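Input: a single structure, listed below in structure tokens.
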Amino acid sequence: MELLIEYGADVNKRSGRGSTCLHCVIQEDWIDAVELLLKHGADVNIKNNAGYDAFHTAIFRGCPEVLAVLTKHSQPSIQRQIEYQELMGTTFASEMDDTAKALQHWRTAMLMRQQHGRMLSPNDTKPPLPVYLHNVEAITPEHLAALAASSDRVVIQSLIVTERLLGPDHERTVSRLMHMGLVCVQSLDYQRGVDVWKYAFHVAQGNLRLHVLQELVLLFLHMDKAHSVHGTSRETVSHEDVSSIFSTICDEVEAASITRTTSKENVRTMVLLLLHVLRLLSRIATEPADVLALRCRVHNLNKIRLVKGRTLLHLALDFQSSSIGDIFYYKFPNLQVVKLLLSCGANVNAVDIGGKNTPLHLCSKLTHLAEKYKVAEVAEVLVAHGAHVDACNELGQLASACFSRLPMKLSVPPANRVSLKCLAARAVKRNRIPYEREVPATLNSFIELH
């Protein structure tokens, strides 16, 4: 390194991730290299793409010796030195599970506050919050000393301090909340984990918020399975928790359908999460008022056209809806969800964009599944709700093409379900007879379906 610098290497040259050599050697806790780079003009204030300068890199890497070298070299303000010590304490508490070192750095910060007349007042700290069990930040030496008796209170202190210094929506704050929630879940304190992750969801932003939502929905499904299927947990998933998250997802999906500013991939993820929460909610909503509220919301959702012109009914029939990314959530198609959507006004003959597939067409893509009797049940429900068995997609395939490969139990044969109106529409299409402006406009979509 010395040789490269001697021959003119730029010590502040940035990598593709925005990191300088100083960032890199701090990550390795390489103190000699840090001192060498500082000696040759390394800039401690350059931030990488994550927004971290040299000080924050040392803090979040848990390198107090490096922080001391940086402080001695750069002489930041007393206020910044205090905050750096407080943040270093949060790293040891939240990420390194070292209560003793966390308390050591907080004591150092507290002493500096006393010496320089910078003690915090209650107005400088967050009010008691349920997610932190109504604890407040320790702002006196006595209060700080009392934390040593409880490792849980140390972790909560760490999160409160992190929020004050970085903000509630900072990536580090959210990731530490997620870690605390995970610890609760692993200790089978499911409801506490839900409370923490719900808070993380409401403070997070952008893609990080979507990630928290995915983890939260998986937790709901895990709790429900552990209680109702395996009987390994006494804790039931709360209708209030699931309903509040469902409502939030609905709001965001409806907003995305209007503004069109959210990426298609993120919209698809949100819609699939909505579908899985809907399945769970339809099972645990038992109070008449809750059921009515759910049905009203679903009625409005049925009006939305999603990616590629699909409706929620299309997605409820797609086996690929079972997973989001590489993670399996719950097996689809799901008869319970299909029935709910149809009873709330879903258009059983809606066609997607590009393929002109109706929901019944999608059953043809499910005939390879082992549980064909379940697919047959879904197809029968669609037909019972008025699905046109003779609807024709872009490839010329009839919606009833799957019937011969499924154990169908239709009381009326498919051929007898084709009305004279349907036959007329097929004749118009087959013979390419111009029909626009020749028939009532309300018949255009019906003819086009055939």
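Values in this document were obtained by computation on a predicted structure and should not be read as measured data. Numbering starts at 1 and runs along the sequence shown.
Residues Met178 and Glu215 meet the side-chain proximity criterion, which asks for heavy atoms closer than 4.5 Å. Between Val155 and His179, every side-chain heavy-atom pair lies at or beyond the 4.5 Å cut-off. At least one side-chain heavy atom of Thr248 sits less than 4.5 Å from a side-chain heavy atom of Phe201. Counting only heavy atoms from C-beta outward, the side chains of Val66 and Trp30 never approach each other to under 4.5 Å. Two residues are said to be in side-chain contact when any heavy atoms from C-beta on lie closer than 4.5 Å; Gln81 and Met112 meet this criterion. Between Ile82 and Met110 the shortest side-chain heavy-atom distance does not fall below 4.5 Å. With a 4.5 Å cut-off on side-chain heavy atoms, Asp290 and Ser243 do not count as touching. The shortest side-chain heavy-atom distance between Asn347 and Leu313 does not fall under the 4.5 Å cut-off.
Side-chain contact check for Glu83 and Gln79: at least one donor-acceptor pair (N or O, by modelled atom type) lies under 3.5 Å. A donor-acceptor contact closer than 3.5 angstrom is absent between the side chains of Thr162 and Thr173. In this model, no donor atom of one side chain and acceptor atom of the other lie less than 3.5 Å apart for His105 and Thr108. In this model, a donor atom of one side chain and an acceptor atom of the other lie less than 3.5 Å apart for Asp53 and His56. Side chains of His361 and Ser364: a donor-acceptor N/O pair is absent below 3.5 angstrom, by distance only. For the residue pair Arg153/Thr99, the side-chain donor-acceptor check at 3.5 Å is not satisfied. For the 3.5 Å distance criterion, the side chains of Tyr190 and His222 qualify, holding a donor opposite an acceptor. Neither side chain, Thr140 nor His143, offers a donor N or O lying under 3.5 Å from an acceptor on the other. Residues Asn12 and Asp43 bring no donor and acceptor atom of their side chains to less than 3.5 Å of each other. For the residue pair Ser94 / Arg172, no side-chain donor-acceptor distance below 3.5 Å is found, with atom types taken as modelled.
Comment: Lys198 engages Asp241 in a salt bridge, judged by a side-chain N to carboxylate O separation of less than 4.0 angstrom. Between Arg164 and Glu86 a salt bridge is recorded (basic side-chain N to carboxylate O distance below 4.0 Å). For Glu137 and Lys126, the salt-bridge test fails: no basic side-chain N is under 4.0 Å from an acidic carboxylate O. Using a 4.0 Å cut-off between a side-chain N of Lys or Arg and a carboxylate O of Asp or Glu, Arg310 and Asp318 qualify as a salt bridge.
Residue Gln115 places its CD atom among more than 12 non-hydrogen atoms of other residues, nucleotides or ligands, all under 6.0 Å distant. Taking a 6.0 Å sphere around CG of Asp10, one finds it holds more than 12 heavy atoms contributed by other residues, nucleotides or ligands.
Taking all atoms of both residues into account, the shortest heavy-atom contact from Gly386 to Asn349 is O-ND2, 3.1 Å. The nearest pair of heavy atoms linking Cys344 to Val298 is CB-CG1, 3.7 Å. When all heavy atoms of Leu70 and Ala58 are compared, the closest pair comes out as CD1-CB, 4.1 Å. For Asn357 against Leu362, the heavy-atom pair with the smallest separation is CB-CD2, 4.4 Å. Between Ile26 and Ala54, the closest heavy-atom pair is CD1-O, 3.6 Å. Leu147 and Ala138 get closest at one heavy-atom pair: CD1-CB, 3.9 Å.
With hydrogens and angles disregarded, a donor-acceptor distance shorter than 3.5 Å links the side chain of Thr91 to the backbone of Ile59. Side-chain N or O atoms of His23 include one that pairs as donor or acceptor with a backbone N or O of Thr20 at under 3.5 Å. Within the 3.5 Å criterion, the main-chain N or O of Cys184 finds a donor-acceptor partner in the side chain of Ser187. With Ser158 contributing its side chain and Thr90 its backbone, the two residues share a donor-acceptor pair below 3.5 Å. A distance-only check finds no donor-acceptor pair linking the side chain of Ser74 to the backbone of Pro76 [under 3.5 Å]. The main-chain N or O of Gly16 is found under 3.5 Å from a side-chain atom of Asn49 such that the two form a donor-acceptor pair. The backbone N or O of Leu159 sits nowhere less than 3.5 Å from a side-chain atom of Arg176 that would complete a donor-acceptor pair. No donor-acceptor pair under 3.5 Å is formed between the side chain of His170 and the backbone N or O of Leu166. When atom types are taken as modelled, the side chain of Arg14 and the backbone of Lys47 share a donor-acceptor pair closer than 3.5 angstrom. The backbone N or O of Asp224 sits nowhere less than 3.5 Å from a side-chain atom of His227 that would complete a donor-acceptor pair.
If you run side chain to side chain contact (heavy atoms under 4.5 Å, CB included) between Leu274 and each of Val253, Thr269, Leu315, only Val253 comes through.
A perpendicular orientation is assigned to the rings of Tyr132 and Tyr199, their planes being inclined by more than 60° (bins at 30° and 60°).
Counting only residues at least two apart or in different chains, salt bridge (charged side-chain N to carboxylate O under 4.0 Å, His left out) contacts with residues 294-304 comprise Asp251-Arg297, Glu254-Arg297.
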Show the numbers, then the answer: is there a side-chain contact (heavy atoms from CB on, under 4.5 Å) between Leu219 and Val194? CA-CA 8 Å; Leu219 178 55; Val194 168; 3.6 Å; yes

Let me see the working for Lys374 and Val378 under side-chain contact (heavy atoms from CB on, under 4.5 Å), right down to the final yes or no. CA-CA 6 Å; Lys374 290 188 176 181; Val378 171; 5.9 Å; no

Can you list the steps and then say if His239 with Leu281 is a side-chain contact (heavy atoms from CB on, under 4.5 Å)? CA-CA 7 Å; His239 173 272; Leu281 198 54; 3.6 Å; yes

Go through Leu342 and Val348 one step at a time and tell me if the side-chain contact (heavy atoms from CB on, under 4.5 Å) criterion holds. CA-CA 7 Å; Leu342 289 170; Val348 72; 4.0 Å; yes

Just list the side-chain donor-acceptor pairs under 3.5 Å for residues 324-340, sequence neighbours left out, or say none.
unit_1, atom_1, unit_2, atom_2, d
Asn334, OD1, Gln336, N, 3.1
Asn334, OD1, Val337, N, 2.9
Gln336, NE2, Ser282, OG, 2.9

